[in-house]
Protein chains: 2
Amino acid sequence: MTNNQFKRGELYSFITGKASTAIARRLQKKFNSANLNLTIEQWSVLYHLWKQDGISQQELCNASYRDKPSITRLVDNLEKLQLVKRVSSESDRRMNLIYLTKQAHKLQEQTMELANETLNEALEGVSPDNIELCREVLQIVYDNLK
Amino acid sequence: MTNNQFKRGELYSFITGKASTAIARRLQKKFNSANLNLTIEQWSVLYHLWKQDGISQQELCNASYRDKPSITRLVDNLEKLQLVKRVSSESDRRMNLIYLTKQAHKLQEQTMELANETLNEALEGVSPDNIELCREVLQIVYDNLK
DNA sequence: TTTGGTTAGTTGTATAAACAACTATATGAC
DNA sequence: GTCATATAGTTGTTTATACAACTAACCAAA
């Protein structure tokens, strides 16, 4: 019984923590080695803005699965680093539209390359089919819980 | 090129964040609903102590993939909650051996049941074979990066 | 037994997440 | 138009993580 519980627990630990934190740490170390003064969380916000610039903080919340205070503070820090600018929306003055600076645009290519590099290292020895299957399982997990 | 980068990025987000944080959040909500005044991180430390009581903080670091300051503070908070006690080792006075309290032992069954419940909800609709395959992929990812 | 290096743990500081309480703006019913 | 309600964002507080610098204890070579 207890034994069985711990078997599930091992499964739990694989799904929740180990692999994902290992990837994040590896990428963070690559950023640090490249003297990019940027956290993975800040990068993940830039990532959404590279896809679509000038979206609101609320849209950043939805895209990055964070709550509003988290985005407020991430945008605060990104503004301090002069990587984004808050621009009050003309049509709805409650909204801040977040725009990338020139400096942030310059970061895209280098950081995405480091992210791809990290992913290649992480998935070495895993077949494309198994990568896709794993991705599908994780998507189902997310959909089951959201 | 940029397009290709973003395809990898999507894969990246699945592996790193969404599924695992969704599971952790769901379990935390179950703890809160049950009026268990306990964070997932605190629970994960108790989890290792349920397997083996009286291990050192360093062993907790290794088991839970955290650095020493993280464990120091988690043990601080668990001590405040009267769930563990630090006992200085007789054989090596540098070491603290961490022991569960009676109260912590009582939490095991209930919290493991909630964890199993969460895992069942998360993996609904995923075949055992695919669960195992996904677990193996995540193990390889971890081994590749550690 | 002294010295130098290693290991276990703590403390300081910065960043981030979760939750609650708050302000300001917009919107819809009347 | 006024008022209730909803939405966008901010602020305060607690907990957690990462990294660096630190103390205390151990250990081994001289």
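The analysis underlying the following values was restricted to heavy atoms, covering all of them including side chains, and did not include hydrogens, waters or symmetry mates. Just so it is clear: chains get the letters A, B, ... in the order the sequence lines come, proteins before strands, and each one is counted from 1.
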Just to confirm, is there a sub-4.0 Å distance from OP1 or OP2 of [N] to any side-chain nitrogen or oxygen of [X]?
{"X": "B/Gln28", "N": "C/dA17", "result": "no"}
{"X": "B/Gln57", "N": "C/dT10", "result": "yes"}
{"X": "B/Arg66", "N": "D/dA16", "result": "no"}

Practice prompt. Could you tell me whether A/Arg86 and A/Glu79 make a salt bridge, using a distance below 4.0 angstrom between a side-chain N and a carboxylate O?
Written response: yes
Item to complete: Determine, for B/Arg73 against B/Asp67, whether the closest basic-nitrogen to carboxylate-oxygen distance falls under 4.0 angstrom.
Response: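 Here B/Arg73 does not pair with B/Asp67 in a salt bridge, since their nearest N and O are not under 4.0 Å apart.
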Fill in: With A/Glu132 via salt bridge (charged side-chain N to carboxylate O under 4.0 Å, His left out) - residues at least two apart
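A/Glu132 satisfies salt bridge (charged side-chain N to carboxylate O under 4.0 Å, His left out) with A/Arg135 once adjacent residues are dropped.
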Fill in: Whichever hydrophobic residues join B/Val87 through chains of side-chain contacts under 4.5 Å
B/Leu97, B/Tyr99
Worksheet, complete the sentence: Under a 4.0 Å heavy-atom cutoff, the residues of residues 33-41 of chain B touching DNA chain D are B/Thr39, B/Glu41
Worksheet item: Heavy-atom contacts under 4.0 Å between residues 77-93 of chain B and DNA chain D, which residues?
Response: B/Asn77, B/Asp92, B/Arg93
Enumerate the protein-to-nucleotides 1-7 of chain C contacts in which both atoms are nitrogen or oxygen and the separation is below 3.5 Å.
from	atom 1	to	atom 2	distance (Å)
C/dT7	O2	B/Arg94	NH1	2.8

Sequence neighbours left out, what passes side-chain hydrogen bond (donor to acceptor under 3.5 Å, both in side chains) with [X]? Give chain and number order.
{"X": "B/Asn96", "answer": "B/Gln57"}
{"X": "A/Glu117", "answer": "A/Lys30"}
{"X": "A/Glu124", "answer": "none"}

Worksheet entry | From D/dT11, D/dT17, C/dG12, nucleotide with atom closest to B/Arg73 side chain | C/dG12
Discussion item. Nearest to the side chain of A/Pro69, heavy atoms from C-beta on, is which of C/dG9, C/dT13, D/dT11?
Written reply: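 Ranking C/dG9, C/dT13, D/dT11 by closest atom to the A/Pro69 side chain puts D/dT11 first.
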Worksheet, complete the sentence: Sorted by number, residues from residues 100-107 of chain A placing a heavy atom under 4.0 Å from DNA chain C are none
Discussion item. Per the salt bridge (Lys or Arg N to Asp or Glu O under 4.0 Å) rule, what does the pair list look like for residues 88-97 of chain B, sequence neighbours excluded?
Written reply: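 Listed by first then second residue: B/Asp92-B/Arg94.
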Worksheet entry | Contact list for residues 136-146 of chain A, test salt bridge (Lys or Arg N to Asp or Glu O under 4.0 Å), sequence neighbours left out |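 Matches after skipping sequence neighbours: A/Asp143-A/Lys146.
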Discussion item. Using five pairs at each end of the helix from C/dT1-D/dA30 to C/dC30-D/dG1 to define an axis, what is the angle between those two axes, to 10°?
Written reply: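 Angle reported: 10°, given to the nearest ten degrees.
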